[in-house]
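Computed from a prediction, not measured in an experiment: that's the story for all the values here.
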Amino acid sequence: QVQLVESGGGLVQPGGSLRLSCAASGSIFSINAMAWHRQAPGKERELVAAITSRGRTNYGDFAKGRFTISRDDAKKTLYLQMNSLKPEDTAVYYCQGEFWLPRRETPFGSWGQGTQVTVSS
């Protein structure tokens with residue numbers, strides 16, 4: 001009912017930057033909270049950053065001061081600006097969101113397929 005497609009991942013050198021995007025599509029009435037998560041090989045998935053419908057943000061400790069989450073509801077798009085990237089940031093980054101759909105009384109949750117971020121020299 002809601003599809004999330006991430007883009008912007010790739011290979012970057014340590015200290016570099018990337019901007020991830022997550023575009024939502026479907027019969028969306030409005031967008032609730034959205035978030036970025038990541039999962040490195042052999043590790044559990046962890047929260048990178050989250051943003052509420054009012055723009056309140058929350059970051060994982062490793063992301064504070066380096067990553068910035070933002071959203072453009074008119075474009076139904078979530079962003080993650082990542083600066084000062086480190087090799088330990090290498091992971092698959094997933095977009096996740098909650099959406100209000102027509103004729104649905106509870107938010108609909110959806111995950112994207114993920115985009116690979118590799119930080120290496």
Side-chain angles (χ1 to χ4, degrees):
Q1 289 177 301
V2 176
Q3 293 76 43
L4 298 178
V5 178
E6 302 98 335
S7 61
L11 174 64
V12 62
Q13 292 186 344
S17 298
L18 282 176
R19 188 191 195 205
L20 305 183
S21 299
C22 171
S25 61
S27 299
I28 299 170
F29 179 73
S30 66
I31 302 173
N32 202 1
M34 297 192 76
W36 288 98
H37 303 256
R38 72 182 187 183
Q39 187 167 19
K43 296 187 177 181
E44 294 187 352
R45 189 173 295 190
E46 61 181 349
L47 176 69
V48 177
I51 185 167
T52 69
S53 59
R54 296 190 177 187
R56 181 170 295 180
T57 58
N58 180 46
Y59 293 90
D61 287 342
F62 60 86
K64 293 177 181 177
R66 299 190 299 130
F67 295 0
T68 302
I69 189 171
S70 61
R71 56 193 279 170
D72 184 335
D73 286 6
K75 295 182 178 179
K76 298 179 184 176
T77 301
L78 179 71
Y79 303 99
L80 183 69
Q81 178 67 44
M82 303 188 293
N83 299 326
S84 302
L85 283 162
K86 306 174 182 179
E88 51 263 43
D89 293 319
T90 295
V92 178
Y93 285 70
Y94 297 91
C95 172
Q96 177 259 331
E98 295 184 343
F99 304 88
W100 291 103
L101 309 182
R103 299 177 297 280
R104 186 181 172 97
E105 296 183 354
T106 57
F108 180 85
S110 185
W111 286 82
Q113 293 299 306
T115 185
Q116 177 70 46
V117 171
T118 302
V119 184
S120 175
S121 55

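Atom OH in Tyr59 sits 6.5 Å away from atom CD1 in Ile69 (nearest 0.5 Å). Taking CH2 of Trp36 as the start and CD of Glu46 as the end, the distance is 15.0 Å to the nearest 0.5 Å. Note that CZ of Phe99 is 12.0 Å distant from OG of Ser53, once rounded to the nearest 0.5 Å. Atoms CE and CZ, from Met82 and Phe67 in turn, are 5.5 Å apart once rounded to the nearest 0.5 Å. In this structure, NZ on Lys86 lies 5.5 Å from CD on Glu88, to the nearest 0.5 angstrom. Here the straight-line distance linking atom OG of Ser110 with atom CD of Gln1 works out to 9.5 Å at 0.5 Å rounding.
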| request: Apply side chain to side chain contact (heavy atoms under 4.5 Å, CB included) to the pair Trp100 and Arg104, showing each step before the final yes or no. | output: CA-CA 7 Å; Trp100 291 103; Arg104 186 181 172 97; over 6 Å; no
| field | Residue pair Lys43, Arg38: steps toward the side chain to side chain contact (heavy atoms under 4.5 Å, CB included) verdict | value | CA-CA 10 Å; Lys43 296 187 177 181; Arg38 72 182 187 183; over 6 Å; no
| query | Does the side chain to side chain contact (heavy atoms under 4.5 Å, CB included) test come out yes or no for Lys76 and Ile28, once each step is laid out? | reply | CA-CA 9 Å; Lys76 298 179 184 176; Ile28 299 170; 4.1 Å; yes
| query | What do the steps show when you test Tyr93 against Val48 for side chain to side chain contact (heavy atoms under 4.5 Å, CB included), and what is the final call? | reply | CA-CA 9 Å; Tyr93 285 70; Val48 177; 4.0 Å; yes
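Across all non-hydrogen atoms, the minimal contact from Cys22 to Met34 is SG-CE, 4.5 Å. The heavy-atom pair separating Ser27 from Pro102 by the smallest distance is O-CD, 3.1 Å. Taking both residues in full, the closest heavy atoms of Cys95 and Leu78 are given as SG-CD2, 3.9 Å, listed atom of the first, atom of the second, then distance. Taking both residues in full, the closest heavy atoms of Ser84 and Ser17 are given as N-OG, 4.4 Å, listed atom of the first, atom of the second, then distance. The two residues Pro14 and Ser121 have their closest heavy-atom pair at CD-N, 3.7 Å. Contact detail for Thr115 and Leu20: the closest heavy-atom pair is CG2-CD2, 4.1 Å.
Partners of Asn32 by side chain to side chain donor-acceptor pair (under 3.5 Å), not counting sequence neighbours, listed by chain and number: Glu98. By the side chain to side chain donor-acceptor pair (under 3.5 Å) test, Arg66 is found to be paired with Asp89, residues two or more places apart in sequence or in another chain being considered. Every side-chain contact (heavy atoms from CB on, under 4.5 Å) that Thr90 has, sequence neighbours left out, goes to Gln116, Thr118, Val119.
Under the 3.5 Å distance criterion, with hydrogens and angles disregarded, a donor-acceptor pair is assigned to the side chains of Gln96 and His37. Using modelled atom types, one finds no donor on one side chain facing an acceptor on the other under 3.5 Å when comparing Thr77 with Asp72.
Between Arg71 and Asp73 there is a salt bridge, since at least one side-chain N of the basic residue sits less than 4.0 Å from a carboxylate O of the acidic one.
Note on Ile51: it clusters hydrophobically with Val2, by side-chain heavy-atom contacts below 4.5 Å among ILVMFWY residues. Hydrophobic clustering places Leu18 together with Phe62 (ILVMFWY residues linked when any side-chain heavy atoms are closer than 4.5 Å, directly or through intermediates).
Ring orientation note: the planes of Trp111 and Tyr94 are nearly perpendicular, at an angle over 60° on the 30°/60° scale.
Side-chain contact between Leu11 and Ser120 is present, with at least one heavy-atom pair separated by less than 4.5 Å. By the 4.5 Å heavy-atom criterion applied to side chains, Phe29 and Leu101 are not counted as neighbours. A heavy-atom distance below 4.5 Å is not found between the side chains of Leu80 and Thr68.
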